[in-house]
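One structure is given below, encoded as structure tokens.
The chains referred to below are lettered A, B, ... by the order of the sequence lines, with proteins before strands, and numbering in each begins at 1. Below, all heavy atoms of this structure are taken into account, side chains as well, without hydrogens, waters or symmetry copies.
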4 protein chains.
Amino acid sequence: MSEEVQRAPERAKRLPRAVRERQILDAAVSVFSRYGYHAASMDEISDVAGVSKPMIYTYLGSKEDLFGACIRREAARLLEAIQAGIQPEVAPDMQLWHGLRSFYRFVAEYRESWTVLHRQALTVGGSFAEEVTAMRGRAIELVAALVVSAGSRKGLAAEAERSGEGLAAALVGAAESLADWALDHPDIPDGVLASWLMNLVWLGFNDLVEGDVWKPTGAQ
Amino acid sequence: MSEEVQRAPERAKRLPRAVRERQILDAAVSVFSRYGYHAASMDEISDVAGVSKPMIYTYLGSKEDLFGACIRREAARLLEAIQAGIQPEVAPDMQLWHGLRSFYRFVAEYRESWTVLHRQALTVGGSFAEEVTAMRGRAIELVAALVVSAGSRKGLAAEAERSGEGLAAALVGAAESLADWALDHPDIPDGVLASWLMNLVWLGFNDLVEGDVWKPTGAQ
Amino acid sequence: MSEEVQRAPERAKRLPRAVRERQILDAAVSVFSRYGYHAASMDEISDVAGVSKPMIYTYLGSKEDLFGACIRREAARLLEAIQAGIQPEVAPDMQLWHGLRSFYRFVAEYRESWTVLHRQALTVGGSFAEEVTAMRGRAIELVAALVVSAGSRKGLAAEAERSGEGLAAALVGAAESLADWALDHPDIPDGVLASWLMNLVWLGFNDLVEGDVWKPTGAQ
Amino acid sequence: MSEEVQRAPERAKRLPRAVRERQILDAAVSVFSRYGYHAASMDEISDVAGVSKPMIYTYLGSKEDLFGACIRREAARLLEAIQAGIQPEVAPDMQLWHGLRSFYRFVAEYRESWTVLHRQALTVGGSFAEEVTAMRGRAIELVAALVVSAGSRKGLAAEAERSGEGLAAALVGAAESLADWALDHPDIPDGVLASWLMNLVWLGFNDLVEGDVWKPTGAQ
DNA sequence: GATGAATGAGCGTTCATTCAT
DNA sequence: TATGAATGAACGCTCATTCAT
């Protein structure tokens, strides 16, 4: 409601270390997500956290360390949220759908976490991009596995097999892009977003599996 | 006399303004794409451009102005490249396919342009993200129009209509993500990349248009 | 119960103040001697001492106070060591020799003490340099007295009288410099070092006392 | 006369690089000599130099680089001053005497140079101490060579030979210490200071060379 | 037209020092 | 008694930007 930056309660004193660390990480995620790694300043983070700068260095280390801690915490949160939404006993398509719903629920609820992971982590040199990319890779593999587990029941078509990795990358990109789009359309329920994507994933792949590929027609 | 390779002395010789501006923009795109907006330094840009710093300020204005000029020039290049590849007289699916091919050809040939547009422009606060997002929006609309122009011949299903904009966003994201993936797999020809995506776009949409939607089964 | 080496728990157990002060001073001397006054950090001192930082401030005061306490304690130790080595009943030259031996023995055994006094105390602004310089002055006077006590038996030559204080300063510097040199040559016994210096002091002074001075020859 | 720190003329503008570098080095030597390496601040150096801080970094590099440049410049100055004072055609003792006179003249005229070299350079970790120590080593060798060139005419006694390096270190220390002492006694002419030291060097060594050594008497 | 010279402002980081328990 | 928690103040360094030539 307030149009000011949300600040931690005024000068609470002598809190245990774990609490302070959480405050700092919360503030850091917020500031990093708003400005990006380079434009964010430790001064602002400490202001938002309601903590002096030396505390940050004592508890979380350098700016780079702090950013890394943010990335790791938010990545863990995201993965946890997705896994919590999946019920392993249902059919693969329903697993995928539930996973997507959890994903869109998470993105809607923790926009800042999502922004840090999706936008900011990739522009910082060093190992952060790699870490996030690796996580993305795991997501791609997971999607591919689920899809294939359905496709294998029918005998996966040669075409689908060849394009597998690339298509998975495309699909993960589609899911992310839809997440960004959904941030500007908060009225669309996560179930619907997930269904849209399922239609792409499921129908498109099913067609492929059945050998029903699109091919360019005519010259060139 | 000189024992060096014979070469016009680099000490800039009154080049016309347009040439200088191109030098500077080329250098800026290269440096921005490598380090991102904030981590890039005007010093390095002027070094790479072979031009003194005041020159940059005289011709292109502030760092932010310079970045904006880069974004606009590269965006125009990209759009131009795509439009040059499209033949308006062919069928919509072939138009889309040719557009995608041109897109992947451009990304492969001008990685730096693509990086600046796709990765760096979105992390800078201010109007850049909006500009690029707007361009993305135009791309989304264009894709949607092509798809719909095919769909409308069959009577676009209600489902497809409702999910249109969101799905388009997803598809653009898929195309971008596949572009990134393709940067690490330069051996895949652009025609193949475009075909992969067409299979997603066309088959998926066709299914939708025919009312063949995926739906969650069971409770919840 | 514990699987560690049995050892009184380091978690300090109400040790008497004097013991704590000694721990702290020992650590401080060690750290100051290694890094110098400014580069030494209270954190490292408290770590080495195995004592919390507030303890240091409670017992020894500020960093400057602490350094002063180090200087004074080590200076007292050095003087004490030298005086303990001197036998007042023997001839002046033997007194000087014994004093020097004790000095070199001390330097070899307590390098850190010597480093703090000789190297670090002089570069800190304020009163420390003066204190150490004053101590040095007392040493100079003592040497001069011993030398003169021998010389006076022969009637001190006018030249020696005039140059007395300066030459004493030079001799103390020679002794100190030889001490530094000896730190890199630990195999030379202190008696030998002392003898080398005696040859400079005694023979040189004796010559002077006997009026056998060196004089520039020729023009200028 | 003024009791304020001497400042460079107010904001002289657009000077050539070489001039600025000299201004900066002058200021740096002055500030480093007063406070030592660690306590000196780049802000104060830039104030005293009448130059902004970025200039220092542009022209001379980091604080450590700057300190190194000071050390090297002043060391070169000192060596140059000494060598300029030596006349190679005169007798060895006169060469030594002239060298010492030049040394004391230099110390009196450029106290700050001397302070930086003698006191401050040794307390900074890294290669500075080694550099200065190496220079000191060359001085020691030079003194030893001159002394020996006289001694060899008489056949250098075994004792002198054995104690050679140590005694040389002692003598250099004596010269340095006398230099410090002379800073507080500016009325003593450099010729006199040099003579005092000659008496130590020449007479002491001559005695040694003639086998006239001091030896401890009695027990222990 | 073109640039070497110059800086204000700010950032990441550290350190001596003090509360509250 | 003893300390974990906390910070004000400063420092080294860099960068976008401009002026004088």
Measure [atom1]/[X] against [atom2]/[N] and give the value in whole Å, please.
X       : N      : atom1 : atom2 : result
C/Gln23 : F/dA2  : CD    : C1'   : 13 Å
B/Tyr35 : F/dA16 : OH    : P     : 13 Å
D/Ile45 : F/dC11 : CD1   : P     : 11 Å
B/Glu21 : E/dG1  : CD    : C1'   : 14 Å
D/Leu60 : F/dT14 : CG    : P     : 14 Å
D/Tyr37 : F/dC11 : OH    : P     : 14 Å
D/Ile56 : F/dC13 : CD1   : C1'   : 11 Å
D/Leu66 : F/dT14 : CG    : P     : 14 Å

Could you check which of [options] has an atom nearest any side-chain atom of [X]?
X       : options               : result
D/Ser62 : F/dG8, F/dC13, F/dA16 : F/dC13
A/Arg14 : F/dA6, E/dT13, F/dC13 : F/dA6
D/Leu15 : F/dT3, E/dA6, F/dG12  : E/dA6
D/Met55 : F/dT17, F/dT3, E/dA6  : E/dA6
B/Lys63 : F/dA16, F/dT3, F/dT18 : F/dA16

[X] side-chain N/O to [N] phosphate OP1/OP2 under 4.0 Å:
X       : N     : answer
D/Tyr57 : E/dT7 : no
A/Arg20 : F/dA5 : no
B/Tyr59 : E/dG1 : no

Between B/Gly61 and D/Met42, just flag the one whose closest nucleotide in DNA chain F comes earlier from the 5' side. D/Met42
Quick one: on DNA chain F, does C/Ser52 or A/Pro54 contact a more 5' nucleotide (nearest heavy atom)? C/Ser52
Pick base, sugar-phosphate or nothing for [X], based on heavy-atom distances below 4.0 Å to the nucleic acid.
X       : value
B/Arg17 : nothing
B/Ala40 : sugar-phosphate
B/Thr58 : nothing

Does the side chain of A/Ile45 come within less than 4.5 Å of A/Val51's, by heavy atoms? no
Is there a side-chain contact between B/Val48 and B/Asp26 in this structure, where contact means two heavy atoms from C-beta onward sitting under 4.5 Å apart? no
Carboxylate-amine/guanidinium proximity below 4.0 Å for A/Arg72 and A/Glu131: yes
Salt-bridge criterion met for C/Lys53 and C/Asp47 (N-O under 4.0 Å): no
Does D/Ser62 use its side chain to pair, donor to acceptor, with the backbone of D/Asp65 at less than 3.5 Å? yes
Donor-acceptor pair, A/Lys63 side chain versus A/Ser41 backbone, under 3.5 Å? no
base_contact_polar (F/dT17 base, B/Lys53 side chain, donor-acceptor, <3.5 Å): yes
Hey, which sits more toward the 5' end of DNA chain E by its nearest nucleotide, A/His38 or C/Asp43? A/His38
F/dA20 pairs with, by Watson-Crick or G-U criteria that keep both distances under 3.5 Å: E/dT3
